[in-house]
Amino acid sequence: MPKESLTVTDNRTGKQYELPIENGTIRTTDLRQIKVSPEDFGLMGYDPAFMNTASCKSKVTFIDGDKGILRYRGYPIEQLAEQSNFLEVAYLIVQGELPSKEQLEDWKYQITHHTIVHENIKKFMDGFHYDAHPMGMFTSTMAALSTFYTDAKNIFDKESRQIQIYRLIAKVPTIAAFAYRHTMGLPYAYPDNDLSYAGNFLNMLFKMTEPKYVPDPALERALDVLFILHADHEQNCSANAMRSVGSSQVDPYSALAAASAALYGPLHGGANEAVLRMLREIGSKDKIPAFIKEVKEGKGEKKLMGFGHRVYKNYDPRAKIIKKLADDVFEVTGKNPLLDIALELERIALEDDYFVKRKLYPNVDFYSGLIYQALRFPVEMFPVLFAIGRTAGWVAQWEEMLLDTEQKIARPRQVYLGYASRDYVPIVRR
Ligand code: CMC
């Protein structure tokens, strides 16, 4: 039997060390024994952007980036998108198993009955400028929620955690919809408990003077599937923010505000917004070759937004599902004129050596924006829609981190390259 260990020779001293291998990893703290002298701090790993460092053990989501596989708790994303619904998937992600009929009924009841937000939230929302970005409003309001639920500080109380999880999953669509209505100058619409999670969200967004909002079933289903596809994605930038900030033992609303801020960036959840802007900038199919040339010559400065991924070096499985979903939506809404540009852009890019060599494929954000736009969302709302689905993943990652006895406050090391020590010089002598 081969030994599950790694033997390292330190060529500075000639000493050998044996480091255990567990789950295909070595512990970088084991490197600390490798020293040139007793005063030496010991060897560290240097890994900016966590390119090859596992920060946790997790049982939530599995990705095989080379094969284009994504599974939540072992279930393939394709099966969940086809056969399940968002609330069931949220239960699966958070609780670890598919629910029984009774468990699902209770889960739905709890989430449905926590959708209303405190009236003061409306006043808070009103304070935002008329052109405030909805993701900025969403992020700040999530942080503000911690001031409404002071019991959320009891993070080691199972029951309290469960209530905050209900509240978070229930209230994110309400807050997202309020942000939208504020942007549009419309009165806020209250939740309707008779509707599904996605149906109620559409109600809070688009209800006008009709006594009861009736969502289009195809659009309701499309939105539900989009929530499923965005529900978790293992240790991405925002999940890492949720875990890292949560590791200080702050309440989950504050940690989720940090995760939401991370998602806002154009390299993460802000990419869907950037894709739409890019497609508009290109404007027509004949301009695509010139655009691709600019990207290639830009040496990373100008990117083909919605392409590439840190983990996927193959077609993002979510992009495949979304591409198909777009057809169902366009049947109801009419085709988004930018679709032809997107399809042609994908075709040209996938044949181009630059993209082929770097294994750059469409990611989840490439087509989702086209659907969101057809559903009448302004582009600024796109990252907020991402955040609604991802809340299930964030809370699951947060709880897993809290219950992991190996976790401590997240606190990376650094390689210090600044001055060693120097004496202060009074300003007159500088
Ligand atoms: N267009 C053109 N070139 C690209 C792109 C792109 N979209 N993505 C990567 N590259 C190039 C990059 O310049 C580099 O080239 P070189 O080796 O010559 O320096 C090479 O491909 C490797 O890229 P990287 O920047 O080292 O890869 P990364 O893992 O650090 O970045 C990424 C991953 C998603 C940030 C990046 O691909 C990107 O910026 N894509 C566009 C933004 C985007 O669509 N983001 C959404 C990600 S999926 C949803 C989510 O997680 O929120």
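Reckoned from all heavy atoms, side chains included, excluding hydrogens, waters and symmetry mates. The first residue of the sequence shown is numbered 1, and numbering continues consecutively from there. For ligands, and for the atoms within them, numbers begin at 1 and follow the listed sequence.
- On a distance-only criterion, L360 and ligand 1 share no N/O pair closer than 3.5 Å.
- Within the listing of ligand 1, atoms 2 (C) sit less than 4.0 angstrom from a heavy atom of V295.
- Per-residue contacts place L267 under 4.0 angstrom from the following atoms of ligand 1 (heavy atoms of the residue considered): 39 (O), 45 (N), 46 (C), 47 (C).
- Side-chain contact check for R167 and Q164: at least one donor-acceptor pair (N or O, by modelled atom type) lies under 3.5 Å.
- Contacts with ligand 1 closer than 4.0 Å are made by no heavy atom of F366, backbone or side chain.
- Listed by chain and number, the residues in a ring pair (Phe, Tyr, Trp, His ring centres under 6.0 Å) with F382 are Y372 (sequence neighbours excluded).
- With respect to K335 and D340, a salt bridge is recorded, a charged nitrogen being found less than 4.0 Å from a carboxylate O.
- Atoms of ligand 1 found under 4.0 Å from any heavy atom of F386, numbered from 1 in the order shown, are 52 (O).
- Taking any N or O of G306, backbone or side chain, at least one lies under 3.5 Å from an N or O belonging to ligand 1.
- By the 3.5 Å distance cut-off applied to N or O atoms, R318 is not counted among the residues near ligand 1.
- Checking R358, R310, K357 against atom 28 (P) of ligand 1, the nearest heavy atom belongs to R310.
- Scanning E301, M51, H230, K303 for the heavy atom closest to atom 25 (O) of ligand 1 points to K303.
- Interface of A271 with ligand 1, defined as ligand atoms under 4.0 Å from a residue heavy atom, comprises 43 (C), 44 (O), 45 (N), 46 (C).
- The atoms of ligand 1 that sit less than 4.0 Å from any heavy atom of L304 are 1 (N), 2 (C), 6 (C), 7 (N).
- Contact annotation: the side chain of L350 approaches that of P362 to within less than 4.5 Å [non-hydrogen atoms, C-beta and beyond].
- The distance from ligand 1 to the heavy atoms of V364 drops below 4.0 Å at these ligand atoms: 49 (C).
- At least one N or O atom of H268 sits closer than 3.5 Å to an N or O atom of ligand 1.
- When the side-chain contact (heavy atoms from CB on, under 4.5 Å) test is applied to E281, the partners found at least two apart in sequence or on another chain are F291, K302.
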